[in-house]
Amino acid sequence: MRIDVLTVLPKLFEGPFSDSILKRAQDKGLVEIHLHNLRDFSTDKHKNVDDYQYGGGAGMVMRIEPIAACIEHLKKQRDYDEIIYMTPDGSLLEQGVSNFLSTQQNLMILCGHYKGVDERVRQLFITREISIGSYVLSGGELAAAVLVDSVIRLIPGVLSDETSALTDSFQDRLLAPPVYTRPPDFMGHKVPEVLIRGNFNEIEAWREDQAIKRTQERRPDLLD
Ligand code: ADE
């Protein structure tokens with residue numbers, strides 16, 4: 001998979017993309033992440049990418065020209081399955097969307113800033129708008145990092161135990177059951193007997209039961 005990220009703050013991605021699972025996925029050649037600084041596509045002498053909004057009001061708006069130039073430049077080189085815009089008024093990111101995106105070849109992700117992008121960018125280029133939650137971040141970069149992480153970990157070969165992504169919370173619309181490791185007894189707080197006995201069927205039944213209980217208690221909306 002190839003992911004192109006369009007941003008005015010490429011440095012924000014250095015941390016999340018250069019460590020742990022995302023780094024390993026790139027080192028193994030399973031994913032290529034390319035960062036593009038939108039300022040490089042500004043023809044303005046100060047490399048400006050934003051301007052005042054028509055009609056007045058506080059907050060700057062990202063101009064269409066640098067974004068269009070960057071998108072057209074990339075589209076000339078390959079076809080994109082999705083051109084995604086990170087925005088608080090997009091549709092809420094859910095596991096099913098990450099599952100779908102993890103099966104695609106080429107993704108482009110546009111990070112908004114200030115008041116957002118000129119509406120014509122959305123009309124002309126964007127195929128999907130995603131929000132990571134009902135709150136406003138200072139820009140789309142952290143949201144894009146969240147999206148990229150949730151997608152890349154699903155690509156076969158990225159996680160060392162390939163089944164582990166399938167047993168995540170949300171994969172079957174249930175939260176994951178509790179997990180334990182050693183010691184079996186921490187100051188009187190014991191690991192459930194069933195896990196220690198080691199009967200596979202019993203353990204599976206217990207996990208299913210716990211997952212349903214936890215979902216009923218914490219996220220009953222998932223069971224609707
Ligand atoms: N940009 C700003 N806030 C955001 C959010 N909640 N989700 C996606 N992109 C955003």
Side-chain angles (χ1 to χ4, degrees), residues 1-18 21-51 60-91 93 97-132 137-158:
M1 174 186 285
R2 175 183 169 114
I3 303 177
D4 291 275
V5 182
L6 284 53
T7 170
V8 287
L9 291 173
K11 274 198 167 154
L12 269 186
F13 292 95
E14 281 170 13
F17 290 176
S18 59
I21 288 169
L22 295 196
K23 175 166 188 332
R24 236 181 310 133
Q26 292 175 85
D27 290 348
K28 282 189 190 169
L30 297 168
V31 64
E32 278 179 39
I33 302 174
H34 298 267
L35 300 173
H36 305 277
N37 191 338
L38 287 167
R39 285 188 202 288
D40 296 340
F41 294 85
S42 173
T43 50
D44 188 288
K45 77 169 184 264
H46 300 295
K47 297 280 171 206
N48 271 346
V49 291
D50 59 333
D51 209 335
M60 306 293 272
V61 174
M62 288 174 74
R63 290 168 40 222
I64 191 168
E65 295 101 322
I67 297 171
C70 184
I71 293 177
E72 295 295 2
H73 166 75
L74 291 169
K75 278 171 71 172
K76 260 189 226 137
Q77 296 164 49
R78 67 196 63 76
D79 289 331
Y80 284 86
D81 301 300
E82 295 272 358
I83 304 183
I84 300 163
Y85 175 47
M86 304 309 300
T87 175
D89 63 6
S91 53
L93 178 60
V97 173
S98 301
N99 291 351
F100 168 75
L101 293 174
S102 75
T103 65
Q104 304 300 299
Q105 273 310 304
N106 297 310
L107 302 178
M108 203 189 294
I109 306 177
L110 171 64
C111 304
H113 249 274
Y114 321 110
K115 274 279 168 203
V117 298
D118 186 304
E119 187 65 18
R120 291 165 293 181
V121 170
R122 302 167 76 156
Q123 293 164 348
L124 293 175
F125 300 110
I126 300 299
T127 62
R128 189 184 282 266
E129 302 187 326
I130 296 180
S131 161
I132 64 158
L137 301 165
S138 2
E141 283 76 13
L142 297 179
V146 167
L147 175 66
V148 167
D149 183 295
S150 77
V151 168
I152 288 181
R153 61 193 297 286
L154 296 168
I155 298 171
V158 169

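- Between Arg128 and Val97, the closest side-chain pair of non-hydrogen atoms falls below 4.5 Å.
- A heavy-atom distance below 4.5 Å is found between the side chains of Leu110 and Leu38.
- In plain terms, the two heavy atoms of Cys70 and His36 that are nearest each other are SG-CB, 3.9 Å.
- Scanning for side chain to side chain contact (heavy atoms under 4.5 Å, CB included) contacts around Pro16 gives Ala145, with sequence neighbours left out.
- Contacts of Lys28 classified as side chain to side chain contact (heavy atoms under 4.5 Å, CB included), with partners at least two apart in sequence or in another chain: Leu30.
- Every residue two or more places apart in sequence or in another chain that forms a side chain to side chain contact (heavy atoms under 4.5 Å, CB included) with Ser98 is listed here: Leu93, Gln95, Ser150, Val151, Leu154.
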Side chain to side chain donor-acceptor pair (under 3.5 Å) between Asp44 and Ser42, intermediate numbers included: CA-CA 5 Å; Asp44 188 288; Ser42 173; 4.9 Å; no
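- Using modelled atom types, no side-chain atom of Tyr80 and backbone atom of Asp4 make a donor-acceptor pair closer than 3.5 Å.
- Legend: salt bridge (charged side-chain N to carboxylate O under 4.0 Å, His left out) pairs involving residues 64-77, not counting sequence neighbours, sorted by first then second residue: Arg63-Glu65.
- Arg122 places a side-chain heavy atom less than 4.5 Å from the side chain of Thr87.
- Contact of the Asp118 side chain with the Ile67 side chain is not registered, since no non-hydrogen atoms from C-beta on lie closer than 4.5 Å.
- In terms of heavy atoms, Leu22 sits closest to Asp149 at CD2-CA, 3.9 Å.
- Annotation: side chain to side chain donor-acceptor pair (under 3.5 Å) contacts of His73 (sequence neighbours excluded): Gln77.
- Atom CZ in Arg2 sits 9.0 Å away from atom CE in Met108 (nearest 0.5 Å).
- Side chain of Ser131 to backbone of Asp89: no donor-acceptor contact under 3.5 angstrom is found.
- Checking each of Asn37, Leu35, Ile109, Ile71 against Leu6 for a side chain to side chain contact (heavy atoms under 4.5 Å, CB included) leaves exactly one that passes, namely Ile71.
- In this structure, the side chains of Val148 and Phe17 come closer than 4.5 Å at one or more pairs of heavy atoms.
- Residues satisfying the side chain to side chain contact (heavy atoms under 4.5 Å, CB included) criterion with Gln104, sequence neighbours excluded, are Asp81, Phe100, Leu107.
- Atom CZ of Arg120 sits in a sparse spot, with 12 or fewer heavy atoms from other residues, nucleotides or ligands closer than 6.0 Å.
- Residue Asp79 places its CG atom among 12 or fewer non-hydrogen atoms of other residues, nucleotides or ligands, all under 6.0 Å distant.
- Here the rule is side chain to side chain contact (heavy atoms under 4.5 Å, CB included) with Ile152, and of Val31, Leu147, Leu101 only Val31 fits it.
- Counting only heavy atoms from C-beta outward, the side chains of Glu141 and His113 approach each other to under 4.5 Å.
- In this structure, Cys111 and Ala144 approach most closely via the heavy-atom pair SG-CB, 3.8 Å.
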